[in-house]
Amino acid sequence: QVQLVESGGGLVQAGGSLRLSCVASGRTISSYAMGWFRQAPGKERECVTAISRSGGSTYYANSVKGRFTISRDNAKNTVALQMNSLKFEDTAVYYCAAYESRDSRRYTVDPLEYNYWGQGTQVTVSS
């Protein structure tokens, strides 16, 4: 079992930055591919970014490419999401998620494959 706790959300003006952190406990995340998802009111949960176990493979949704950066520190059991040049449309609840991956190079953007989820952290961008 892995427990995930996100932090770092808040209210920021458009153009600003936030850094989200996800701290894992229970097991080392070195066995898990990780992802950040977000869900805005009335919309489906979408994968913003994902990273393989090794950190060597990453995915970014087109809407955040060049603005968001995912990183992981397996030794510290943490995953971070640096969000720059924030836009109003980035407003959502952001969730950290994990699934046990046998392939260190693989990730997925399908939320159904993720077994563990954090409670979410609200990001609000004012225009």
Side-chain angles (χ1 to χ4, degrees):
Q1 289 275 347
V2 175
Q3 293 80 44
L4 303 172
V5 178
E6 305 99 333
S7 62
L11 174 64
V12 64
Q13 287 188 335
S17 298
L18 281 175
R19 183 177 179 83
L20 305 184
S21 293
C22 173
V23 179
S25 61
R27 293 188 64 184
T28 173
I29 64 169
S30 60
S31 299
Y32 297 83
M34 306 293 294
W36 284 96
F37 290 75
R38 68 185 180 187
Q39 188 165 21
K43 294 188 177 182
E44 291 187 356
R45 189 170 296 191
E46 65 167 338
C47 183
V48 175
T49 179
I51 188 167
S52 61
R53 278 172 45 196
S54 67
S57 301
T58 56
Y59 161 86
Y60 294 94
N62 286 335
S63 58
V64 306
K65 274 182 184 176
R67 301 188 297 121
F68 290 13
T69 304
I70 189 171
S71 60
R72 65 186 296 158
D73 187 334
N74 288 345
K76 295 183 178 179
N77 245 24
T78 59
V79 179
L81 178 61
Q82 178 66 42
M83 305 187 295
N84 298 328
S85 302
L86 282 161
K87 303 177 181 180
F88 174 76
E89 50 265 39
D90 294 319
T91 296
V93 178
Y94 284 70
Y95 299 90
C96 176
Y99 77 96
E100 195 161 10
S101 174
R102 295 182 178 179
D103 187 341
S104 65
R105 301 161 296 178
R106 184 180 178 267
Y107 58 77
T108 182
V109 301
D110 182 356
L112 296 179
E113 291 205 34
Y114 286 81
N115 306 108
Y116 304 101
W117 293 83
Q119 82 289 351
T121 185
Q122 176 70 47
V123 171
T124 302
V125 184
S126 62
S127 57

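Predicted model, so just to flag it, every value in this text is computed and none were measured. FYI, the numbering just counts along the sequence from 1.
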Taken to the nearest 0.5 Å, the spacing of M34 CE from N74 CG works out to 9.0 Å
Single-linkage hydrophobic cluster, 4.5 Å side-chain cutoff, W36 and Y107 together | no
Output yes when a side-chain donor or acceptor of S57 lies under 3.5 Å from a complementary backbone atom of R105, and no otherwise.
-> yes
Quick one: do Y116 and I70 end up in the same hydrophobic cluster if we chain Ile, Leu, Val, Met, Phe, Trp and Tyr together by side-chain heavy atoms under 4.5 Å apart?
-> yes
Quiz item: cation-pi between R38 and Y95, 6.0 Å / 45° | no
Any donor-acceptor pair under 3.5 Å from R53 side chain to S101 backbone | yes
Search all heavy atoms of S85 against all heavy atoms of D90 and return the closest pair with its distance.
-> O-OD2, 4.5 Å
Approximate separation, where rounding is to 0.5 Å, of T49 OG1 and Y94 OH | 11.0 Å
When you look at F37 and W117, which way does the ring-ring contact (aromatic ring centres under 6.0 Å, His included) test go after all the steps?
-> CA-CA 10 Å; F37 290 75; W117 293 83; 4.9 Å; yes
Are side-chain heavy atoms of V79 and L81 found at a separation under 4.5 Å?
-> no
Is any side-chain heavy atom of R19 less than 4.5 Å from a side-chain heavy atom of S71?
-> yes
Indicate, with yes or no, if Y99 and V48 share a hydrophobic cluster defined by side-chain heavy-atom contacts under 4.5 Å among Ile, Leu, Val, Met, Phe, Trp and Tyr.
-> no
Would you find a donor on one side and an acceptor on the other, under 3.5 Å apart, between the side chain of T124 and the backbone of L11?
-> no
Measure across A92 and A40 and return the closest heavy-atom pair with its distance rounded to 0.1 Å.
-> CB-N, 3.9 Å
Nearest 0.5 Å please: distance from the CZ atom of R102 over to the OG atom of S31.
-> 12.0 Å
Y32-R27 side chain donor-acceptor pair, cut-off 3.5 Å = yes
Can you name the closest pair of heavy atoms from L18 and L86 and give their distance?
-> N-CD1, 3.8 Å
Applying side-chain contact (heavy atoms from CB on, under 4.5 Å), run through V23 and L4 and close with a yes or a no.
-> CA-CA 6 Å; V23 179; L4 303 172; over 6 Å; no
E6 side chain to G120 main-chain N or O, any donor-acceptor pair under 3.5 Å?
-> yes
If you round to the nearest 0.5 Å, how far is CG of D103 from OG of S52?
-> 8.5 Å
Same apolar cluster (I L V M F W Y, side chains within < 4.5 Å links), M83/V64 | yes
Check whether any side-chain N or O of S54 sits under 3.5 Å from a backbone N or O of S104 as a donor-acceptor pair, and report yes or no.
-> yes
Donor-acceptor contact below 3.5 Å, side chain S21 vs main chain A80 | no
Donor-acceptor pair, side chain of Y114 and main chain of T108, under 3.5 angstrom | yes
Short side-chain to backbone donor-acceptor contact, N77 and I29, under 3.5 Å | yes
Apply side-chain contact (heavy atoms from CB on, under 4.5 Å) to the pair E46 and V109, showing each step before the final yes or no.
-> CA-CA 8 Å; E46 65 167 338; V109 301; over 6 Å; no
Separation between OH (Y59) and NZ (K65), nearest 0.5 Å, reads 7.5 Å
Closest non-hydrogen atom pair between C47 and A61, with its separation | O-CB, 3.7 Å
Enter the distance from F68:CZ to N84:CG here, rounded to the nearest 0.5 Å.
-> 8.5 Å
